[in-house]
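For reference, the structure discussed in these notes is given below.
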Amino acid sequence: MNDLNNYLRMHYHIILTKECNLNCKYCGGGSDSQPKEIQYSISNLKSFLSKDSAPVIEFYGGEPLLRIETMKRIMDAIPGRFVIQTNGLFLDRIEPQYLEKFNAILVSIDGKKNVTDEWRGIGVYERIIENIGIIRQKGFHGYLVARMTVAQGTDIYENVRHLLDTGFFDHVHWQLSFEMFWEGAEDRIEDWICSYNKGISSLVEWWLSEMRKGRYSGIVPFTGIMNSLLSGKDSKLRCGSGIDFFTIMPDGRVSACPVSVDFDFSVVGSIFNDSPFSLCNKVRVGEPCISCDIFHICGGRCLFVNKAQDMLRENGYSLICTTVGHLVGELHNALPRVVKLIEKGTVRRSDFDYPEFNNGCEIIP
Ligand code: SF4
Ligand code: SF4
């Protein structure tokens, strides 16, 4: 077995189906390319993953819980640690013996009821909240992570605060919606980026004020970046795509990133012809990230966007980077105060060790 196996924790998104039971405005149902359903056998998958002694398997879609029986067969057949990214509508269908095998469940929810329902569909927010209650009652003790897609116009401060205030989620993460940066997006977004950045500043101040009261709030981007600032260690691309995070497509090919499966740059091998550790580092972020002043802390943010820059609107890349620079700058300013709070014992250094292993959050929104 390759030496890499000794120190790399490898993650595998498994696309159980490309079908989805929602039609979110910023997504439109995901990838339409064929095949949409798994073509390989579970023994093919098992044979591929058997070359990794500690795989983290993350079910992904489309909506993975549309193929709950396949998911259960994989969980029965393959030893590993399990994570799922779901829209939450069918969470109540997972039986307790499978729920307890999940280290983390990531639920897509965009914030308050009106925001979630506007983008994801009427009634979605309530179904999610109901189902979260059900899985907790059934004995799910792992991490529950709210995954927001932040579309233009979203008030980041209000909506992150709301999700934390529900008390249901251990962590809240968000990604900026791709769609507002693509070529052809109509509205100017500079004003919204400005208000988003202001919201981030307010959220950092609130996060610090909570810490001063001895309360740690699991805001994933803040935690991940602050952890790096505290340790002084440089970061790789934080989502891990192409490094230690891969996606097994329904036809058995392996993509570096779960979102860019239809792009040639992203396909790095297959479960039939390759072993897991031979896939690492075949594709990496390039310029402008490598020459960027904060590359060591940002890590390049997104491989897909880096490789598909020609699809972005004019200034699209620099607009995204404005948000990253602002976020990193605010956390850098907060660093001395965080260090003092750790020294005083108000919060623990270990509060910033999120997570034990990357469970599918990209850290940089
Ligand atoms: S801030 Fe932008 S240019 Fe700099 S590393 Fe991050 S994504 Fe790349
Ligand atoms: S951040 Fe970009 S490269 Fe990473 S998983 Fe998301 S879309 Fe893929």
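In what follows, every heavy atom counts, from backbone to side chain, and hydrogens, waters and symmetry copies are set aside. Here, residue 1 is the first one in the sequence, and each next residue gets the next number. Quick caveat, the model's predicted, so the values are computed rather than measured. In each ligand, atom 1 is the first atom listed, and ligand 1 is the first ligand listed.
- Among the candidates Pro258, Ser255, Ser260, the single residue satisfying the side chain to side chain contact (heavy atoms under 4.5 Å, CB included) test with Ser241 is Pro258.
- In this structure, the ring of Phe102 has its center no less than 6.0 angstrom from the ring center of Phe140.
- Listed by atom number, the atoms of ligand 2 under 4.0 Å from Phe178 heavy atoms are 7 (S).
- Taking the charged nitrogens against the carboxylate oxygens, Lys213 and Glu210 do have a contact shorter than 4.0 Å, which makes a salt bridge.
- Asp191 CG: 12 or fewer foreign heavy atoms inside a 6.0 Å radius.
- The closest protein non-hydrogen atom to atom 4 (Fe) of ligand 1 is Cys292 SG, 2.3 Å.
- In summary, Lys101 and Glu95 do not engage in a salt bridge, as defined by a charged side-chain N under 4.0 Å from a carboxylate O.
- Using cut-offs of 30° and 60° for the angle between ring planes, the Tyr12 and Phe48 rings count as perpendicular.
- In this structure, Tyr317 has its ring center at least 6.0 angstrom away from the ring center of Phe181.
- Residue, atom and distance of the protein heavy atom nearest to atom 8 (Fe) of ligand 1 are Cys289 SG, 2.4 Å.
- When only non-hydrogen protein atoms are considered, atom 3 (S) of ligand 1 lies nearest to Cys321 SG, 3.6 Å.
- Heavy atoms of Gly325 stay at 4.0 angstrom or farther from ligand 1.
- Here Tyr143 and His171 bring their ring centres to under 6.0 angstrom of each other.
- Remark: minimum distance from atom 6 (Fe) of ligand 1 to any protein heavy atom is reached at Cys298 SG, 2.4 Å.
- At a 4.0 Å heavy-atom cut-off, ligand 1 touches Ile294 through the side chain alone.
- Protein N/O/S atoms closer to atom 4 (Fe) of ligand 2 than 2.8 Å number 1 in this structure.
- Atoms CG and CD1, from Asn281 and Ile243 in turn, are 6.0 Å apart once rounded to the nearest 0.5 Å.
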